[in-house]
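Okay, structure first, notes after.
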Amino acid sequence: MKRLILAGGGHAHLAVLRALAKCRLRAVDVMLVTPEPMLIYSGMLPGWMAGHYRLDQCFIDLRPLAQAAGVRLILAPLAGLDAERRCIALPNGAQLEYDLLSLDVGSETDVSWLHSARERLLPIRPLSDFVKAWEKIVDRARRHTGYRLAVVGGGAAGVELAFAAHHAFIRHGTTAQVDLVASGPELLAGHAPAVVSRVERLLAERGIVLHRARAAGTEDGLMLANGQRLPANRIIAATGARAPYWLTLSKLALDAAGYVEVDATQRSRSHANVFAAGDVCSREDVILARSGVHAVQAGPVLAHNLRATLEGGAMHPYIPRACPLYLIATGPKHAIASWGGWSAEGAWVWHWKDWIDRRFIRLHGAPHASMGPPIQQRESQHEHEHH
Ligand SMILES: Cc1cc2nc3c(=O)[nH]c(=O)nc-3n(C[C@H](O)[C@H](O)[C@H](O)COP(=O)(O)OP(=O)(O)OC[C@H]3O[C@@H](n4cnc5c(N)ncnc54)[C@H](O)[C@@H]3O)c2cc1C
């Protein structure tokens, strides 16, 4: 019996679970090791904050997917990985050996500049912690006149979060102020100037103040690189991705930023029995943005290549589309479309995004389980796995 470990219940592994539900692997024990039973779909998170969705409409329950795929679900995060010894470590010290490993653990939020803001700071990841904290923010903003929320991060996520927060505050009848701090080199890097202009115009119309400056956390909010103090009751950090630290000890080939280096087949450059997809990896042949689009689209290729490694067959490359479509929600039922040099906006763009997002959730929702009760274990049940 060979052992395949799927580490992380991320977007790419959804396709792997679906493929396994259609056709199981022969004589392979498959495990999914991930901390939460739910995958929160980030594309709908701003819509949930803005009040367009219930939370249960924005997540995918991994349990029935694992059950239908005949995959054991272990609810624990990886704490470490030793690619030479072919094993992963869990926080309780348990070690699990593998023949084949697939990493789809996503990325972390880089809050290194904001640490001094301490309890005011709310990183966007893990999304499950963010979701719990957001409802408290709305509650505080309702009770506290002059409440100020700062969103740090000038990428699409930061922009969407600022718009969504502002819309939520209005819906709840608060007068809370939202500041967006684009702390990177530019606002919406990689998007066409027309998209940036649309966002700037809408921010101004809504009264969201845009600051184009690097920000550092302070005890009462933020200090901007231009010397301006920006007091904030809470600071949402959407400051870009950072690779998980435990990868540095993994012995896998990593790029300069600490991400797992993979080839076009999503296979590790250094270890042929390790694959990685989504935010956690960097392709050696092409520079890809860390976005859900690539995690989702690499999924079927990853599923195929894992099977080919175990059962034989040709490997397939993941060929990213030259120009992915981004739909940026702007608070109310309105969104901006960005596709290469082309852009558009309106309620119809929001309905288009809503259709795509709901279809994604429907497609990856629970299939009809074909087997007994879910095989689900907490990490403490794995004492026998100690080596
Ligand atoms: C607010 C927001 C909006 C966004 N909107 C879009 C959008 O509209 N379009 C787009 O393309 N991208 C969007 N993104 C980016 C997108 O969320 C990520 O690029 C995408 O989630 C990456 O997918 P992934 O599978 O690599 O990781 P994730 O989706 O983050 O999944 C990682 C999984 O691994 C688990 N995990 C974490 N740590 C461990 C560990 N140590 N061990 C085991 N498991 C672990 C997590 O619980 C999770 O299940 C948005 C991001 C944010 C924050």
Side-chain angles (χ1 to χ4, degrees), residues 5-17 31-50 58-62 65 73-81 88-91 96 101-109 123-131 134 151 153 155-165 190 236-241 243-247 250 259-260 266 276-282 288-299 302 320-321 324-329 335-338 353-354 356-357 360 364 379:
I5 294 184
L6 305 175
H11 290 67
H13 277 167
L14 294 177
V16 176
L17 293 175
M31 275 183 256
L32 172 62
V33 183
T34 193
E36 306 276 348
M38 308 292 179
L39 174 66
I40 297 176
Y41 179 47
S42 58
M44 289 170 86
L45 188 77
W48 167 74
M49 290 167 67
C58 310
F59 59 62
I60 293 162
D61 190 342
L62 297 167
L65 294 183
L73 182 61
I74 295 173
L75 292 177
L78 261 72
L81 158 61
I88 61 163
L90 303 185
L96 304 177
L101 174 69
S102 177
L103 292 166
D104 181 20
V105 295
S107 54
E108 298 173 355
T109 307
I124 184 70
R125 291 188 188 282
L127 294 182
S128 51
D129 290 353
F130 176 81
V131 160
W134 170 248
V151 178
V159 166
E160 283 199 324
L161 292 168
F163 278 129
I236 295 179
T239 26
Y245 278 134
W246 48 262
L247 280 172
S250 68
Y259 295 99
V260 180
Q266 303 296 138
D279 280 8
V280 73
C281 68
S282 278
L288 294 183
R290 299 214 137 66
S291 78
V293 172
H294 293 303
V296 170
Q297 291 177 356
L302 176 69
R321 277 188 212 148
L325 170 72
Y326 291 97
L327 301 173
I328 302 167
I336 299 170
S338 167
K353 174 173 168 53
D354 175 60
I356 292 173
D357 288 344
F360 180 83
H364 292 94
E379 55 178 280

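Counting starts at 1 for both ligands and their atoms, in listed order.
Heavy atoms only, all atoms of each residue included: Ala329 and Ala335 are closest at CA-CB, 4.0 Å. Minimum interatomic distance between Ala76 and Val33 (heavy atoms only, all atoms of both residues): O-CG1, 3.3 Å. Smallest separation of non-hydrogen atoms from Ile60 and His364: CG2-O, 3.5 Å. Scanning all heavy atoms of the two residues, the minimum distance from Trp134 to Ile236 falls at CZ3-CD1, 4.3 Å. Closest approach of Gly278 to Ala295, counting heavy atoms only: CA-CB, 3.7 Å. Counting all heavy atoms, side chain and backbone alike, Ala289 lies closest to His294 at O-CD2, 3.4 Å.
Of all protein heavy atoms, the one closest to atom 46 (C) of ligand 1 is Thr34 OG1, 4.2 Å. Among all non-hydrogen protein atoms, the one lying nearest atom 15 (C) of ligand 1 is Gly292 N, 3.9 Å. Atom 21 (O) of ligand 1 has His11 CE1, 3.4 Å as its closest protein atom, hydrogens excluded (heavy atom only). When only non-hydrogen protein atoms are considered, atom 49 (O) of ligand 1 lies nearest to Gly9 O, 3.1 Å. For atom 7 (C) of ligand 1, the closest non-hydrogen atom of the protein is Gly43 CA, 4.4 Å. With hydrogens left out, the protein atom closest to atom 41 (N) of ligand 1 is Leu78 O, 3.1 Å, a heavy atom. Considering only non-hydrogen protein atoms, atom 6 (C) of ligand 1 sits nearest to Ser42 OG, 4.2 Å. Nearest protein neighbour of atom 37 (C) of ligand 1, counting heavy atoms only, is Val105 O, 3.3 Å.
Shown in contact with Asp104 at under 4.0 Å from a heavy atom are these atoms of ligand 1, numbered in order with element: 24 (P), 25 (O), 26 (O), 32 (C), 33 (C), 34 (O). Those atoms of ligand 1 with a heavy atom of Gly278 less than 4.0 angstrom away are 26 (O). Of all the atoms in ligand 1, the ones that sit under 4.0 Å from a non-hydrogen atom of Pro77 are 40 (C), 41 (N), 42 (N), 43 (C). The Arg290 neighbourhood of ligand 1 comprises atoms 19 (O), with distances under 4.0 Å to a heavy atom of that residue.
Of the residues Asp129, Thr239, Leu45, the one that meets the side chain to side chain contact (heavy atoms under 4.5 Å, CB included) test with Ile124 is Leu45.
In Ile124, the part holding a heavy atom less than 4.0 Å from any atom of ligand 1 is the side chain. With a heavy-atom cut-off of 4.0 Å, Val33 touches ligand 1 through its backbone alone. By the criterion of a heavy-atom distance under 4.0 Å, the side chain of Arg125, and not its backbone, is placed next to ligand 1. Using a 4.0 Å cut-off between heavy atoms, Ser291 contacts ligand 1 through both its backbone and its side chain.
For the pair Asp104 (side chain) and Leu6 (backbone), a donor-acceptor distance under 3.5 Å is absent. Side-chain atoms of Arg125 never come within 3.5 Å of backbone atoms of Thr109 as a donor-acceptor pair (strictly under, hydrogens ignored).
Taking CE of Met38 as the reference point, atom SG of Cys58 lies at 12.5 Å (rounded to 0.5 Å).
Considering backbone and side-chain atoms alike, Ala277 places every N or O at 3.5 Å or more from each N or O of ligand 1. Annotation: Val293 places an N or O atom under 3.5 Å from an N or O atom of ligand 1; distance criterion only.
Scanning Gly106, Pro37, Gly8, Pro35 for the heavy atom closest to atom 27 (O) of ligand 1 points to Gly106. Comparing Leu6, Thr109, Asp279 against atom 19 (O) of ligand 1, the shortest heavy-atom distance belongs to Asp279.
Distance screen at 4.0 Å: atom 30 (O) of ligand 1 has a protein heavy-atom neighbour inside the cut-off.
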| task | Tell me, with the steps shown, if Ser42 and Leu127 meet side chain to side chain contact (heavy atoms under 4.5 Å, CB included). | result | CA-CA 8 Å; Ser42 58; Leu127 294 182; 4.0 Å; yes
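Under the 30°/60° scheme for interplanar angles, the aromatic rings of Phe360 and Tyr41 are found to lie parallel.
Partners of Pro46 under the side-chain contact (heavy atoms from CB on, under 4.5 Å) rule, at least two apart in sequence or in another chain, are Glu160, Ala164.
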